[in-house]
Amino acid sequence: MKLIDLHVHSTASDGSLTLTEVVNRAAGLGLTAMALTDHDTVSGIDEALKAAKDLDMEVIPGIEVSCIYKEKEIHILGLYIDHTNPELLSFLKEASRKRYDRNMEMLAAFNKDGFEITVEDLHCGNPKTVITRAHFARALLKRGYVSSVDQAFRKYLNPDRPYYRSRELITPEEVLNALQAAGGFPVLAHPLQYKLGWAGTEELVSMLKEHGLCGLECFHSSNNQDESGKLRKLAKKYALAPTGGSDFHGAAKPDIEIGSGRGGLRVSALYLDDIKLSMFMAGIGRS
């Protein structure tokens, strides 16, 4: 069975492998396609496409964008985006400003309470990276304030913890509009991680569908087989394409490998065929 991975991160955001490394790793594992979906940035796409030029593997230009739904942060993937689209780039520039302001607020709170964390610590050796809470977790680990990245989130960085700060509001509608302007195929990422319950998850999916959602990430490292099955039924109910990905980050999530994720995740390339058919039928990506 040919396999794909439609949710992969690099050092352009909070992954630990460079663009070339992550592409070569995916190809070396025998995948036929992978989507680069770094957080709120398209800065790594050109390098990833270049790295795959002579490989027998498709690299899908993508992104993972954060927004707020009922005071919860949710993530929407964009697959097959035009990463040069002016409207998308303008949206990402404003999102970057909001993320920067949030990060500086968090850093100031840590510093005020005696945590010796610097901006350089957060960059993790890459000044161009998009800083996420994972960067704070790594900095806390490096400085010896926690014994693991997981502990950093549980103790300091999760939404109910003392140093969590939310960004200025970005709505799902804004994200979907930007992705659609870039000819992308919008997908709700890891729906069960938002802990909305099944009724609440369906309410979210229904609302997003009305605003242009095209796919649902039914297969993810955080799901078990029963949950993935229920998500497939939900996708079918709302005429959404089922997608799947490992959410690979490298060293930040060492138990998750590209293409196999956690718990033996496998995503058939047949799902990508369905996505391409859905895009064709809907006229997505056509000039």
As a quick check of understanding, evaluate side-chain hydrogen bond (donor to acceptor under 3.5 Å, both in side chains) for Glu64 and His9, giving each step before the final call.
CA-CA 9 Å; Glu64 182 173 13; His9 296 274; 2.9 Å; yes
Residue pairs fulfilling salt bridge (charged side-chain N to carboxylate O under 4.0 Å, His left out) with at least one residue in residues 238-262, sequence neighbours excluded:
Arg25-Glu257, Asp247-Lys253, Asp255-Arg262
Report the C-alpha distance between Asp226 and Lys230 in whole Å, list the side-chain angles of each, state the deciding distance to 0.1 Å, and finish with yes or no for salt bridge (Lys or Arg N to Asp or Glu O under 4.0 Å).
CA-CA 6 Å; Asp226 180 62; Lys230 289 180 179 178; 3.6 Å; yes
What are the two closest heavy atoms between [X] and [Y], and how far apart are they?
X	Y	result
Leu265	Gly245	CD2-O, 3.5 Å
Ala241	Ile275	CB-CG1, 4.2 Å
Val42	Ile81	CG1-CD1, 3.7 Å

Tell me if a side-chain donor or acceptor on Arg143 pairs with a main-chain N or O of Phe115 at a distance below 3.5 Å.
no
Are [Y] and [X] connected into the same hydrophobic cluster when the rule is that any two of I, L, V, M, F, W, Y join if their side-chain heavy atoms are below 4.5 Å apart?
X	Y	answer
Leu272	Leu270	no
Ile63	Met34	yes
Leu204	Leu213	yes

Between [X] and [Y], a side-chain donor and acceptor under 3.5 Å:
X	Y	result
Glu227	His220	no
His135	Asp14	no
Tyr238	Glu202	yes

Val175 versus Phe91: any side-chain heavy-atom pair under 4.5 Å?
yes
Could you check Leu79, Val187, Leu77 and say which one makes a side chain to side chain contact (heavy atoms under 4.5 Å, CB included) with Leu6?
Leu79
For the salt bridge (charged side-chain N to carboxylate O under 4.0 Å, His left out) test, which of Arg99, Lys98, Lys93 pairs with Asp40?
Arg99
For Ser221, side-chain hydrogen bond (donor to acceptor under 3.5 Å, both in side chains) partners two or more places apart:
none
For side-chain contact (heavy atoms from CB on, under 4.5 Å), just list the numbers for Thr11 and Thr129, CA-CA rounded to whole Å, side-chain angles, deciding distance to a tenth of an Å, and then say yes or no.
CA-CA 6 Å; Thr11 51; Thr129 191; 5.6 Å; no
Taking NZ, NE, NH1 and NH2 as the nitrogens, is one of them in Arg97 or Asp101 under 4.0 Å from a carboxylate oxygen of the other?
yes
Given ring-ring contact (aromatic ring centres under 6.0 Å, His included), test Phe136 with Tyr156 step by step and report yes or no.
CA-CA 9 Å; Phe136 279 90; Tyr156 299 116; over 10 Å; no
